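Taking it in order: structure first as structure tokens, then the write-up.
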Amino acid sequence: MQGNQLHRQLAHMRQSLFDQGFLDEQFVQLEELQDDANPNFVEEVVTLFYKDSTRLLHNIELSLEKNTLDFTKLDGYMHQFKGSSSSIGAKKVIYECKQFRECCRAGNGEGCKRTFQQLKKEYATLKKKLETYFQFARQAGPTETACPPK
Amino acid sequence: MNLGGHAAKSLSMPSTSVSWKSGDGVSDQFPVGLRVLLVDDDPTCLMILEKMLRNCLYEVTKCNRAEIALSLLRENRNGFDIVISDVHMPDMDGFKLLEHIGLEMDLPVIMMSADDSKNVVMKGVTHGACDYLIKPVRIEALKNIWQHVVRKKKHEWKDFEQSGSMEDGESQAKPSEDVEYSSSANEGNWRNSKRRKDGEDEVEERDDTSALKKPRVVWSVELHQQFVAAVNQLGIDKAVPKKILELMNVPGLTRENVASHLQKYRLYLRRLSGVSQHQNGLNNSFMGPPEATFGSISSLNGLDLQALAATGQLPAQSLATLQAASLGRSTSKSGMSMPLVDQRNLFSFETPKLRFGEGHQQQLSNNSKQMNLFHGIPTTLEPKQLANLHQSAQSFRGMNMQVNAHGSQSSSLLAHMAQPESRTQMGNETNGSQISRLSSTMAQPILTSGISTGVLARNGTVDRVRGAVYNPVSQVTSMVDFSVNQNTDLSGNSFCLGNNPGVSSLSSKGVLQEEVNSKMKGSSGFLPSYDIFNELHQQKSQDWELQNVGLTFDASQHANTQGSLDVPPSVLVHQGFSSGQKSGQNRNTYLGNTMFSAGEESGHRNAPNIGQQLNALLADNSLRGVKTELLPDVSCENALFP
């Protein structure tokens with residue numbers, strides 16, 4: 001019972017992540033890859049993402065601090081970051097990436113900086129939510145991940 | 001021959017069962033075990049994709065640097081079936097990597113990127129990517145990547161064999177595929193068809209063609225070098241076929257051979273000098289005179305190779321290999337040491353030419369019996385190695401005779417393989433003479449193969465040399481490599497093939513394919529089609545050959561290569577081819593088609609079934625490899641080097 005309850009809660013938590021637009025279909029792809037051989041696959045991927053993207057975000061941060069912005073370079077960085085984010089289905093983060101790239105294309109330095117702050121926020125929020133989710137999942141015990149929504 | 005048709009079918013769908021032929025099923029597991037090389041600098045994506053591919057039951061090797069990927073590919077020529085690479089990478093642009101791979105290994109490459117803008121996708125297409133995936137990649141998209149492997153092999157094979165059949169084959173080939181054609185940047189496909197159509201008069205429908213194979217001259221590296229030397233001596237402007245022929249003084253070479261080769265060469269030079277178009281252009285401007293480049297090209301080390309390639313005789317892969325070999329002088333592998341760039345450039349030019357050449361050749365071959373000169377053999381091919389082959393060829397002589405007897409056909413076989421433009425009259429002259437001729441032209445490897453096939457043909461067992469056709473070409477390349485690396489094998493193998501016993505066994509078999517299949521299994525540890533494909537594909541050189549060889553080989557003569565394709569694939573291929581030819585003047589595209597398709601040639605000749613089966617079998621197998629080898633697979637190349 002408790003297990004069931006936990007699982008139900010977990011499923012609920014998961015569903016809300018989708019409903020609130022934090023995650024998209026790609027996350028489901030990751031879940032589907034998880035199996036007995038890789039029971040924590042999703043968590044591992046997300047952890048890897050956060051670890052790797054820190055470096056990228058840091059580069060962008062540094063570039064934004066320059067007096068003259070190199071939009072091409074910034075766009076390049078963001079393109080990379082977007083690719084990574086999309087692979088884990090970080091929907092809101094991706095949205096911010098797109099905004100950022102638009103600003104780059106428009107040569108809008110201020111816009112870039114603003115968008116970037118927004119992006120970092122979404123990035124951090126998602127990280128927390130997922131951490132909570134994974135923690136809970138571990139508590140709830142092994143179970144098949146909730147069926148993909150949709 | 002039913003085989004032919006049948007084979008064609010089976011060929012087309014390797015996945016269908018690896019049973020190319022009659023269900024023997026090489027490996028019904030295909031595409032399980034497909035060996036994928038994954039290249040992406042993003043660790044998250046890399047991890048996800050790897051898991052996805054593993055879930056598809058593919059064998060995945062991942063790396064995050066393009067350089068690492070290239071060295072992996074080079075070290076392990078036959079180690080991979082397909083490459084998936086990201087476009088944006090720090091150390092090397094994905095497209096560059098794509099080109100390198102196309103040049104050197106001729107593997108199907110799938111590009112990926114989060115960038116879905118049309119330009120980038122178009123770039124992928126023009127550079128020869130088989131497909132372009134937009135990130136985030138879904139597993140469904142990866143499930144079907146095997147079709148690219150099959151398609152590529154098939155195309156190569158087809159091209160090789162004959163233009164006409166290609167279209168047909170293609171449609172057949174990928175039964176399942178879903179619009180692969182259109183979706184992927186399968187330039188090759190249309191190119192091939194195009195090429196075929198343009199050039200071809202030979203209409204060799206793969207399936208029924210088998211008989212169409214035209215003898216072709218195999219422009220071996222040496223021969224080509226002689227050609228280039230002659231042209232240089234005369235001056236590109238004054239280089240007329242007649243004079244070139246005189247200067248070259250190669251017995252058995254006809255003016256037509258030289259003329260067609262010259263055309264290709266010119267085209268190639270033009271391409272080098274920046275002519276773009278390619279493919280279409282090539283076809284049209286066959287005669288474009290590349291004066292400017294001419295000079296520069298000559299000076300290039302690997303020029304010959306390129307020119308060879310340009311002429312469409314040398315399969316891209318082969319070319320790469322050759323170049324690598326010549327440039328890098330690496331005997332073991334075709335040379336990865338060679339400067340990729342050079343090669344690449346060359347190839348780019350060549351590809352269009354190649355295609356062109358193909359068509360051209362075919363036309364030529366139609367007319368004459370041309371000697372199968374081994375074309376495109378890397379310069380590095382040591383003469384003595386050739387000599388070895390030659391010897392083998394000689395032994396085959398008797399066998400060849402038969403093949404040769406067909407005259408153009410047999411030559412075509414060889415020629416097909418190597419894409420020789422003009423087929424020497426193998427058939428015309430006595431075998432002995434032919435052989436010698438061949439030897440001189442460095443067609444030894446081919447000879448051997450041809451002989452083998454011839455032998456097979458003799459018995460009429462292998463009708464379809466289709467597969468053989470392919471092989472020859474590829475063989476050529478590989479042969480070259482082989483020669484470099486292992487002449488003995490070749491010789492030995494070819495001999496085996498030549499042996500009647502083997503051949504006869506084929507005939508008696510009736511079900512060549514099956515045998516082959518079984519053999520294949522035994523010999524190569526047969527992986528379900530994969531192995532074969534891999535082998536063929538990757539190695540242009542040895543493995544491939546072996547594989548092919550094994551196929552045909554086994555079929556024809558169990559004894560010889562039991563379980564081990566000792567015989568270089570080329571040899572086998574030839575066998576298949578020659579047999580086809582022999583038997584009935586099947587000109588089918590020996591190289592790839594005959595071998596595998598077996599069906600192609602089949603029917604025409606005496607032992608249609610066998611030949612067909614064999615061909616089919618071989619074809620299937622060699623599709624992978626052969627295709628790569630085959631020149632005609634220009635599409636890929638062209639794509640790379642627009």
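Chain letters run A, B, ... following the sequence lines, proteins first and then strands; every chain starts at 1. As the structure is a prediction and not an experimental result, all values here were calculated from the model.
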Using a cut-off of under 4.5 Å for heavy-atom pairs, which of A:Glu44, A:Lys82, A:His79 has the most such pairs with chain B?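 When all of A:Glu44, A:Lys82, A:His79 are compared, A:His79 has the most.
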Pick from A:Ala37, A:Ser86, A:Ser53, A:Gly83: which one has the most heavy-atom pairs with chain B under 4.5 Å? A:Ser86
If I compare all heavy atoms of [X] with all of [Y], which pair ends up nearest, and what's the gap?
| X | Y | value |
| --- | --- | --- |
| A:Leu48 | B:Met47 | CD2-SD, 3.5 Å |
| B:Cys45 | A:Ser84 | SG-CA, 4.5 Å |
| A:Ser87 | B:Thr44 | OG-CG2, 3.6 Å |
| B:Lys51 | A:Asp35 | NZ-OD2, 3.0 Å |

If I take atom CD from residue A:Gln80 and atom CG from residue B:Asp41, how far apart are they, to the nearest 0.5 angstrom? 5.5 Å
Just verifying a value: how many Å separate A:Glu32 CD and B:Asn55 CG, rounded to the nearest 0.5 Å?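 It comes to 10.0 Å.
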Whether A:Arg101 and B:Asp115 form a salt bridge (side-chain N of Lys/Arg under 4.0 Å from carboxylate O of Asp/Glu) is what I want to check.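 Answer for the salt bridge query: no.
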Look at atom CZ of A:Phe134 and say whether more than 12 heavy atoms of other residues, nucleotides or ligands are closer to it than 6.0 Å.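 More than 12 heavy atoms, drawn from other residues, nucleotides or ligands, come within 6.0 Å of this atom.
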Region of A:Leu30 that comes under 4.5 Å of a non-hydrogen atom in chain B: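 A:Leu30 touches chain B through side-chain heavy atoms alone.
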